[in-house]
Amino acid sequence: MGSSGLGKAATLDELLSTCIEMFDDNGELNNSYLPRIVLLMHRWYLSSTELAEKLLCMYRNASGESCDEFRLKICYFIRYWILKFPAEFNLDLGLIRITEEFREVASQLGYEKHVSLIDISSIPSYDWMRRVTQRKKVSKKGKACLLFDHLEPIELAEHLTFLEHKSFRRISFTDYQSYVIHGCLENNPTLERSIALFNGISKWVQLMVLSKPTPQQRAQVITKFINVAKKLLQLKNFNTLMAVVGGLSHSSISRLKETHSHLSSEVSKNWNEMMELVSSNGNYCNYRKAFADCDGFKIPILGVHLKDLIAVHVIFPDWTEENKVNIVKMHQLSVTLSELVSLQNASHHLEPNLDLINLLTLSLDLYHTEDDIYKLSLVLEPRNSKSQPTSPTTPTKPVVPLEWASGVMPKPDPTVINKHIRKLVESVFRNYDHDHDGYISQEDFESIAANFPFLDSFCVLDKDQDGLISKDEMMAYFLRAKSQLHCKMGPGFVHNFQEMTYLKPTFCEHCAGFLWGIIKQGYKCKDCGVNCHKQCKDLLVLACRRFARAPSLSSNHGSLPGSPSLPPG
């Protein structure tokens, strides 16, 4: 293990002294293994500030004939720390304070060379790691196609990889440590955001499939996502690959027998290969081999490696009975953590289009429950006792295990979503306002809205009836779509309401807002046909004008009744 005779356990002071003595008089290392893992793993045992304080104490208390040499080696060790882990010296205020104090002590003792060795003034800013929602500037390559049906699989794969890498590279050592030790995401927003992105992609895949009305069209979307998965594999983005396969293998999609009958044999073969690659069989042996065979830029399946860390943490204690660091455990943890940290620093050569990034970002902000998605699946292809005898009544976990990421959903922050909406609207007009007059055609807008199944695939209210959509109208469209009204109950005219599932764009007669969602979005009066939100039905000030001949609900192709209503008393 390269632990220089320390054995299986050592005190922190013994570890530090051994690391310091490994530097020669010129600051060179014959073997950098131990210093690197000690500096990587020290936060498992004490904070960076506490480690710096220990080194400062050793520096001050150095004595004897080799005092100057030992102090110089301490500074070489700190310089090595700065070079290998610069972000700590930019983000940790306590560490910055101790480093400056260290320089003052060295200057007072007359060691100007030592002062220069531990200079941190030229370290670049790593503040982006703390700002979870900050957007990195990306290049814009001409006009962008914002239509899902027209986007090539490689375009989707590259832009999803850009979003994934941006999220992955923000996860810090302490984020991993917190999750492994506590087993939860409390006070861990960066890792939570990463897992929410994973789950958001998985649900988005399901929704895009279920947004199509016919089995043939749904099969085309499944085919596209399988091709996206192939491109993700080429890009070595295993985490998003797992999310896409997880979405397609979810029971809401896998139960669609008629849809899957329209997949070609070649596509089915590719699908089986993707499933085998990320299968949990043999402790993900196929994935581990493929991942190990890749060089350079790659994004791991984060859940697999987190489970590896948890397994080591559970098996080995941090400290031995003699209050010494368990070097065996430190080594085992460092193998995984060192790889994760190094991969975060790998650079990619993607050139994403900002407009497509805005489109995907808003698409992945949308939230629906598994139950709602599964119920929609049942609406599109009802259970058949002959062809689907084992179709469950509730969603089941996908073949690809996602337990590590379950329960983490995108949190609808109104401020963030409003910002995403503004960016998307700017992107749409940048690409579709061809004559720059501030308007786009309604046909173009409906194509864009189709990228947001069920929530945003609604015809816009063209108040001017001129067939053109202004930027303000589009902003209002999306803002109404994401808003939820919380009204107090009030008097209203009596209607015979029944909960409905709408298959066509429908608006509330009371507030003019969308009946949004994918299942049981609102209520329809059985007598007059008026539609409204659940929270608006008792506020509706509209007389019920019973049809002379009440239409049959079963003949209304735009909606489906929900639970049977109770007969009148």
Hey, could you give me the CG/CD1 distance between Asn270 and Ile226, rounded to the nearest 0.5 Å? 7.0 Å
Can you name the closest pair of heavy atoms from Ala290 and Leu277 and give their distance? CB-CD1, 3.8 Å
Can you confirm whether the side chains of Asn239 and Glu164 place a donor and an acceptor under 3.5 Å from each other? yes
What do the steps show when you test Val245 against Trp271 for side-chain contact (heavy atoms from CB on, under 4.5 Å), and what is the final call? CA-CA 8 Å; Val245 173; Trp271 168 241; 3.8 Å; yes
Given the rule in the side-chain contact (heavy atoms from CB on, under 4.5 Å) test, do Asn283 and Arg288 qualify, once you have shown the distances and angles that lead to the verdict? CA-CA 9 Å; Asn283 193 19; Arg288 292 182 190 276; 3.3 Å; yes
Is any side-chain heavy atom of Ile301 closer than 4.5 Å to a side-chain heavy atom of Tyr284? no
side-chain contact (heavy atoms from CB on, under 4.5 Å) between His260 and Ile222: does it pass, once the steps are laid out? CA-CA 9 Å; His260 283 86; Ile222 291 175; 4.2 Å; yes
Sub-4.5 Å side-chain heavy-atom contact between Val312 and Val335: no
If the test is salt bridge (Lys or Arg N to Asp or Glu O under 4.0 Å), which one of Lys257, Arg255, Arg218 qualifies with Glu381? Arg218
Considering only heavy atoms from C-beta outward, does the side chain of Leu340 approach that of Pro300 to under 4.5 Å? yes
Given Asp371 and Lys375, is the salt bridge (Lys or Arg N to Asp or Glu O under 4.0 Å) satisfied, shown in steps? CA-CA 6 Å; Asp371 284 341; Lys375 288 173 184 176; 5.8 Å; no
Is the side chain of Arg193 donor-acceptor paired with the backbone N or O of Ser167 at a distance under 3.5 Å, no angle test? no
Rounded to the nearest 0.5 Å, how far does CH2 of Trp204 lie from CG of Leu160? 5.5 Å
Roughly how far, to the nearest 0.5 Å, is the OG atom of Ser342 from the NZ atom of Lys84? 11.5 Å
Run Asn286 and Asn281 through side-chain contact (heavy atoms from CB on, under 4.5 Å) and show every step you take. CA-CA 8 Å; Asn286 292 334; Asn281 293 338; over 6 Å; no
Does the side chain of His165 reach to within under 4.5 Å of the side chain of Phe297, using non-hydrogen atoms? yes
Heavy atoms only: give me the nearest Gly247-Ile253 pair and the separation to one decimal. O-CG1, 3.6 Å
Give, for atom CG of Leu40 and atom OG of Ser338, the distance between the pair rounded to the nearest 0.5 Å. 5.5 Å
Could you tell me whether the side chain of Thr240 reaches within less than 4.5 Å of the side chain of Ile299, counting heavy atoms only? no
State which residues pass side chain to side chain contact (heavy atoms under 4.5 Å, CB included) with Lys236; sequence neighbours excluded, sorted by chain then number. Phe238, Cys294, Lys298
Any donor-acceptor pair under 3.5 Å linking the side-chain atoms of Asp175 with those of Ser178? no
Any idea which heavy atoms bring Val244 and Ile201 closest together, and the distance? CG2-CG2, 4.2 Å
Leu350 backbone acceptor or donor facing Glu158 side chain under 3.5 Å: no
Report yes if some heavy atom in the side chain of Leu233 is under 4.5 Å from a heavy atom in the side chain of Met274; otherwise report no. yes
Which of Leu360, Val228, Leu156 passes side chain to side chain contact (heavy atoms under 4.5 Å, CB included) with Leu151? Answer is Leu156
Can any side-chain N or O of His250 pair as donor or acceptor with the backbone N or O of Ser252 at less than 3.5 Å? yes
State, yes or no, whether a side-chain contact exists between Trp44 and Ile181 at a heavy-atom distance under 4.5 Å. yes
With a 3.5 Å distance limit and no angle check, can you tell me whether Gln344 reaches the backbone of Phe168 through a side-chain donor-acceptor pair? yes
Verify, without hydrogens or angle tests, whether Gln206 (side chain) and Ser202 (backbone) share a donor-acceptor contact under 3.5 angstrom. yes
Nearest atoms (heavy-atom pairs only) where Met208 meets Lys212: O-CG, 4.0 Å
Nearest-0.5 Å distance that lies between atom CZ in Arg170 and atom CG in Leu191: 14.0 Å
Minimum-distance pair of heavy atoms, taken over all atoms of Ile373 and Lys203: CD1-CG, 4.0 Å
Say whether, by atom type as modelled, one donor and one acceptor occur between the side chain of Gln177 and the main chain of Arg43 under 3.5 angstrom. yes
Exam field: side chain Thr223 to backbone Ala219, donor-acceptor pair closer than 3.5 Å: yes
Looking only at heavy atoms, which two atoms of Asp92 and Ser48 are closest? And how far apart? OD2-CB, 3.6 Å
In Å, rounded to the nearest 0.5 Å, how long is the span from OH of Tyr176 to OG1 of Thr190? 10.5 Å
Heavy-atom distance under 4.5 Å between the side chains of Leu333 and Leu309, does that happen here? yes
